[in-house]
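In what follows, chains are A, B, ... by sequence order, proteins preceding strands, each numbered from 1.
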There are 2 protein chains.
Amino acid sequence: MQYPEAKEKFLQTWGTLGSSWGISRSMAQVHALLLISPDPLSTEEVMEELQISRGNANMNIRDLMDWGLVFKELKAGERKEFFRAEKDIWKVAKQIIKERRKREIEPLFSVLEDIKQVEGDKNNRKHQELIKAVTNIEGVVEKADFALEKAIKLDENALVGALFKLFK
Amino acid sequence: MQYPEAKEKFLQTWGTLGSSWGISRSMAQVHALLLISPDPLSTEEVMEELQISRGNANMNIRDLMDWGLVFKELKAGERKEFFRAEKDIWKVAKQIIKERRKREIEPLFSVLEDIKQVEGDKNNRKHQELIKAVTNIEGVVEKADFALEKAIKLDENALVGALFKLFK
DNA sequence: TCTAACTTTCAATATGTATTGAAAGTTTAT
DNA sequence: ATAAACTTTCAATACATATTGAAAGTTAGA
């Protein structure tokens, strides 16, 4: 396999991975492109490389910046904006976890708390089952959230080490 | 808030959560319905409750069974099939992690290994950057995979406890 | 202030994915 | 062997989401 094919495969793989985790395919592809680019790229270059429109390129780059995965870089004497990705994948993973915690876990909690306030016959089986499920979910989400919060404060080897010791 | 509204909110919330994690909205909704149902439900009942077609109900129930989250239950004297969901949410989480590891991490590894076999000028910067990125990703995925494999062998409290101790 | 270089927005449109419903398939009982 | 009860499949279709591209907005320098 030659470079162009390998590169294409990488872009596809990262895109597919992203879309199976609820991240838009082309946002993941733009990210992939920046991950393997030795130098920062301009919007034009992203458009050219991925064969996508200006609007699409611009919006995905912007979203990647909102996620804290991509940064704007200015070149001396150039008016154009250039973009580079964080390349340390453990930092990338931590950043994604951090963002998803903020975007999803917090709102989820607030909805679950709402639902638990359901009024009505406390002896009704459906009513009980709903409250039971919601309470159970809250417990697991709370613990998973705690685990993730701690995990992203560690470096990758410390995390592996800690879990390893539990099974030695 | 009365029961019907709370139930609706729960179905919506679980559906949205699912779709933001790459699981189809109605598969998540069928799952939610079974999670709060005191008794196993038939395909007919699922269709009725969620206002979806027979094909849709059947296919999502089947997918949920493939994921190991829902089980077939036969009632004495009834020809129809009934379905119940695993209600222990920690077990549900572990099962989802187990399935995703199998479905996604293993194939991902094999593609990344392929890409690393790229031929050509080892001194080319783009070439180097691609190999660097892929190698880096493999390292993180390997460690995350190990961490998850271990985590799902623990009960939820042991996991929290282990991480807690690291920060005491 | 004006203009050229560049970025952002957004209504129109394309594309991929989910959903339907009826036909085909299967199972069980008689 | 037949028929009724039930499940599965899949081509057609609906729907949500991603994508386009041109117009509007912004910025920096002359």
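For A/Glu81, the listed nucleotide lying nearest its side chain is C/dT7; candidates were C/dT20, D/dT8, C/dT7. With distances taken from any side-chain atom of A/Arg62 to the nucleotides C/dT19, C/dT8, D/dT7, the minimum falls on C/dT8. Here the side chain of B/Lys80 is nearest to one of C/dT7, D/dT27, D/dT7, namely D/dT7.
If you find the closest nucleotide of DNA chain D to B/Arg79 and to A/Gly55, the one lying nearer the 5' end belongs to B/Arg79. Projected onto DNA chain C by closest heavy-atom contact, A/Glu78 and B/Asn56 fall at different nucleotides, the more 5' of which corresponds to A/Glu78.
The phosphate of C/dT8 (OP1 or OP2) has a side-chain N or O of A/Asn58 nearer than 4.0 angstrom. Contact between the side-chain N/O atoms of A/Ser26 and the OP1/OP2 oxygens of D/dT19 is found at a separation under 4.0 Å.
A/Glu113 and A/Gln117 make their closest contact through O-NE2, 3.2 Å (heavy atoms, listed as atom of the first residue, atom of the second, distance). Between B/Ser42 and B/Phe82, the shortest heavy-atom distance links the atoms N-CD2, 3.6 Å.
Note: A/Trp67 CH2 to A/Ile23 CD1 = 5.0 Å, rounded to the nearest 0.5 Å.
Exactly one residue among B/Ile96, B/Val30, B/Leu34, B/Leu35 makes a side-chain contact (heavy atoms from CB on, under 4.5 Å) with B/Leu69. That residue is B/Ile96.
Per the geometry, CG belonging to B/Asp66 stands 11 Å off P belonging to D/dT8, to the nearest Å. A straight line from NZ of A/Lys75 to P of C/dA5 spans 19 Å, rounded to a whole angstrom. One interatomic measurement links the two molecules: CZ of A/Arg25 to P of D/dT20, which rounds to 14 Å at whole-angstrom precision. In this structure, B/Gln51 atom CD and C/dG21 atom C1' are separated by 15 Å, rounded to whole Å. Between the CZ atom of B/Phe83 and the C1' atom of D/dC6 there is a distance of 11 Å, given to the nearest Å. A/Asp63 has its CG atom 11 Å from the P atom of D/dT19, to the nearest Å. Rounding to whole angstrom units, CG of residue A/Asn60 and P of C/dT8 are separated by 13 Å. When rounded to the nearest whole Å, the span between CE of A/Met59 and P of D/dG21 equals 17 Å.
Using the six-membered ring where Trp is involved, B/Trp21 and A/Trp21 have ring planes that are perpendicular, over 60° apart on the 30 and 60° scheme.
The base of D/dT7 has none of its N or O atoms less than 3.5 Å from a complementary donor or acceptor on the side chain of B/Arg54.
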